*Asks:* 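Sharing a structure here in structure tokens format.
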Amino acid sequence: MRILVTGGTGYIGSHTCVELLNHGHDVIIVDNLANSKAEIVDRIEAITGQRPLFYRADATDAQAMDLIFSTHKPDGVIHFAGLKAVGESVAVPLAYYRNNLLSTIVVVESCLKHGVNRFVFSSSATVYGDQQVPFFETMELRARTNPYGETKAMCERILSDVAAVNPEFSVTLLRYFNPVGAHKSGLIGEAPEGIPNNLMPYITQVAKGILKELKVFGNDYPTVDGTGVRDYIHVVDLAEGHVVALEKASSGVHIYNLGTGRGTSVLELVKAFEEANNLRIPYSVTERRPGDIAECYADVSKAKNQLGWVAKRNVVEMCQDAWRFEQSYQVQDKRQD
Ligand code: NAD
Ligand code: UD1
């Protein structure tokens with residue numbers, strides 16, 4: 001199939017492009033480079049031996065999208081393009097609503113206009129809010145904690161409404177848990193600007209000496225050791241999940257959790273990272289981060305039963321691959337502390 005990937009030079013998008021190419025699909029990337037670099041296209045080529053087509057374009061630009069759709073007539077779309085920083089979304093909500101909602105609307109309009117019936121959307125476990133774990137796809141949407149999460153819940157509703165009146169249209173809503181790790185080559189991975197918001201990139205920067213110590217946000221949660229529990233999933237497993245979801249797409253709305261089904265606490269992840277890489281991660285415990293929940297992990301039986309997909313890579317591999325990327329990324333990009 002010929003697959004249009006919005007946000008394809010980003011963290012999850014780039015890994016998914018690699019898996020799509022490895023599975024024999026053609027890839028067209030559309031990215032405005034708001035949070036990624038054009039050189040990622042070279043790296044995807046270096047890994048796969050195939051160069052995806054690349055357009056530097058904004059997914060909210062209806063004219064640009066129309067031209068790309070009419071030129072390439074894709075068979076399917078994976079829509080990763082979006083802004084994703086929770087704190088920033090609280091500070092500049094309109095930028096988040098504009099970008100995340102409008103890009104989804106524009107890309108879906110192009111799909112309908114050009115007869116593209118397979119649409120896969122990047123949603124998030126954040127739409128579950130604070131409910132009893134594990135999270136099942138049938139649970140109600142409770143994302144009213146920040147504008148970022150709200151855009152995901154709103155896009156899910158928009159896409160479901162569109163599918164309801166377009167019987168040929170297939171919408172797959174993939175709810176990611178906590179993607180971490182990187183491709184084995186060390187060529188692509190997660191490279192946040194500035195001080196990372198998320199745990200794994202923070203740990204790798206502490207390991208490298210860029211940051212002094214990890215701040216553990218609270219150790220008084222009702223969890224195994226008092227620290228927050230999350231369902232970390234290797235980004236390559238996540239990427240493979242997209243290929244399967246796309247290949248198995250059928251009309252209507254299909255929702256899948258993409259996680260491992262296992263929870264890992266902050267301190268367990270620190271320990272796993274130390275053991276996997278033979279390093280020490282200094283940390284201290286501070287206040288809880290506002291908006292955080294105690295536990296978040298998936299029930300993954302639906303993806304297993306209906307897609308035949310399960311996450312294969314364990315936490316040790318996630319830690320080793322994240323660390324390998326952190327080391328090679330610094331050499332290639334000469335990032336300063
Ligand atoms: P990312 O920032 O690395 O990738 C997103 C890409 O989209 C970037 O390359 C950015 O330049 C591009 N982009 C943003 N707005 C655009 C626009 N209007 N037009 C064209 N390109 C645009 O983020 P990621 O971690 O790869 O996340 C991909 C998707 O998955 C996002 O929608 C995100 O909200 C969602 N998601 C991510 C996580 C996570 O932990 N990383 C968890 C759940 C859901
Ligand atoms: C965050 C986002 C969520 C998004 C998800 C995946 C917030 C409030 N939520 O969730 O919307 O879908 O990332 O991108 O930002 N932690 C520390 N110290 C740190 C960083 C994190 O102790 O420096 C802890 C957190 O309290 C949490 C765990 O580590 O218990 C994981 O945090 P993080 O990686 O930010 O992911 P989420 O909180 O799950």
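Atoms within a ligand are numbered from 1 in the order they appear, just like the ligands themselves. In this chain, residues are counted from 1 in sequence order. No experiment lies behind these values; they were computed from the predicted model shown.
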*Asks:* What do the steps show when you test Arg43 against Glu39 for salt bridge (Lys or Arg N to Asp or Glu O under 4.0 Å), and what is the final call?
*Replies:* CA-CA 7 Å; Arg43 298 188 187 184; Glu39 69 177 310; 2.9 Å; yes

*Asks:* So, does Ala57 sit close enough to ligand 1 that a heavy atom of it is under 4.0 Å from the ligand?
*Replies:* yes

*Asks:* Measure from atom 36 (O) of ligand 2 to every heavy atom in Thr126, Leu267, Asn178, Thr286 and give the option owning the shortest one.
*Replies:* Asn178

*Asks:* Ignoring hydrogens, just give me the one of Phe80, Tyr176, Tyr55, Phe121 whose non-hydrogen atom is nearest atom 31 (C) of ligand 1.
*Replies:* Phe80

*Asks:* What class does the angle between the rings of Tyr55 and His72 fall in, given that below 30° is parallel, 30 to 60° is tilted and above 60° is perpendicular?
*Replies:* perpendicular

*Asks:* Quick one: which of Leu199, Asn198, Ile203 has a heavy atom closest to atom 1 (C) of ligand 2?
*Replies:* Asn198

*Asks:* Is Val229 close to ligand 2, meaning an N/O of one under 3.5 Å from an N/O of the other?
*Replies:*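 Among all N and O atoms of Val229, none is under 3.5 Å from an N or O of ligand 2.
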
*Asks:* As a test of the contact definition, would atom 31 (C) of ligand 2 count as having a protein heavy-atom neighbour under 4.0 Å?
*Replies:* yes

*Asks:* Applying a strict 4.0 Å limit to heavy atoms, is Ser124 in contact with ligand 2?
*Replies:* yes

*Asks:* Using heavy-atom distances only, which candidate in Val266, Asn219, Asn197 approaches atom 29 (O) of ligand 2 most closely?
*Replies:*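 Closest candidate by heavy-atom distance is Val266.
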
*Asks:* Measuring from non-hydrogen atoms of Asn99 to any atom of ligand 1, is the shortest distance under 4.0 Å?
*Replies:* yes

*Asks:* Within the structure, is a non-hydrogen atom of Ser123 found at a distance of less than 4.0 Å from ligand 1?
*Replies:* yes

*Asks:* Let me check something: do Ile40 and Leu238 share a hydrophobic cluster, defined by ILVMFWY side-chain heavy atoms less than 4.5 Å apart, either directly or through other members?
*Replies:*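 The answer is yes; both residues are in one hydrophobic cluster.
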
*Asks:* Looking only at distance, does Asp292 have an N or O less than 3.5 Å from an N or O of ligand 2?
*Replies:* yes

*Asks:* Would you indicate which of His79, Met200, Lys84, Met65 comes nearest to atom 41 (N) of ligand 1 when only heavy atoms are counted?
*Replies:* Lys84

*Asks:* Kindly confirm or rule out a cation-pi arrangement of Arg175 over Phe135, judged by NZ or CZ under 6.0 Å from the six-membered ring centre and within 45° of its axis?
*Replies:* no

*Asks:* Is there a polar contact between ligand 2 and Tyr148, counting only N or O atoms under 3.5 Å apart?
*Replies:* no

*Asks:* When you measure from atom 20 (C) of ligand 2 to every protein heavy atom, which one gives the shortest distance, and what is it?
*Replies:* Phe217 CE1, 3.5 Å

*Asks:* Out of Leu238, Asn35, Leu174, who gets a non-hydrogen atom closest to atom 2 (O) of ligand 1?
*Replies:*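 Comparing heavy atoms across Leu238, Asn35, Leu174, the nearest one to atom 2 (O) of ligand 1 lies in Asn35.
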
*Asks:* Taking 4.0 angstrom as the limit and counting only heavy atoms of Gly228, give me the atoms of ligand 2 inside it, by number and element.
*Replies:*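 Taking each heavy atom of Gly228 in turn, ligand 2 has 30 (O) under 4.0 Å.
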
*Asks:* Judged on heavy-atom distance to atom 9 (N) of ligand 2, which of Val90, Thr264, Leu214, Val86 sits nearest?
*Replies:* Val86

*Asks:* May I ask you to check whether His15 and Phe80 place their ring centers less than 6.0 Å from one another?
*Replies:*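 So the answer is no for these two rings.
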
*Asks:* Measuring from the heavy atoms of Lys152, does anything fall under 4.0 Å of ligand 1?
*Replies:* yes

*Asks:* Can you tell me if Tyr11 contacts ligand 2 (heavy atom of the residue under 4.0 Å from the ligand)?
*Replies:* no

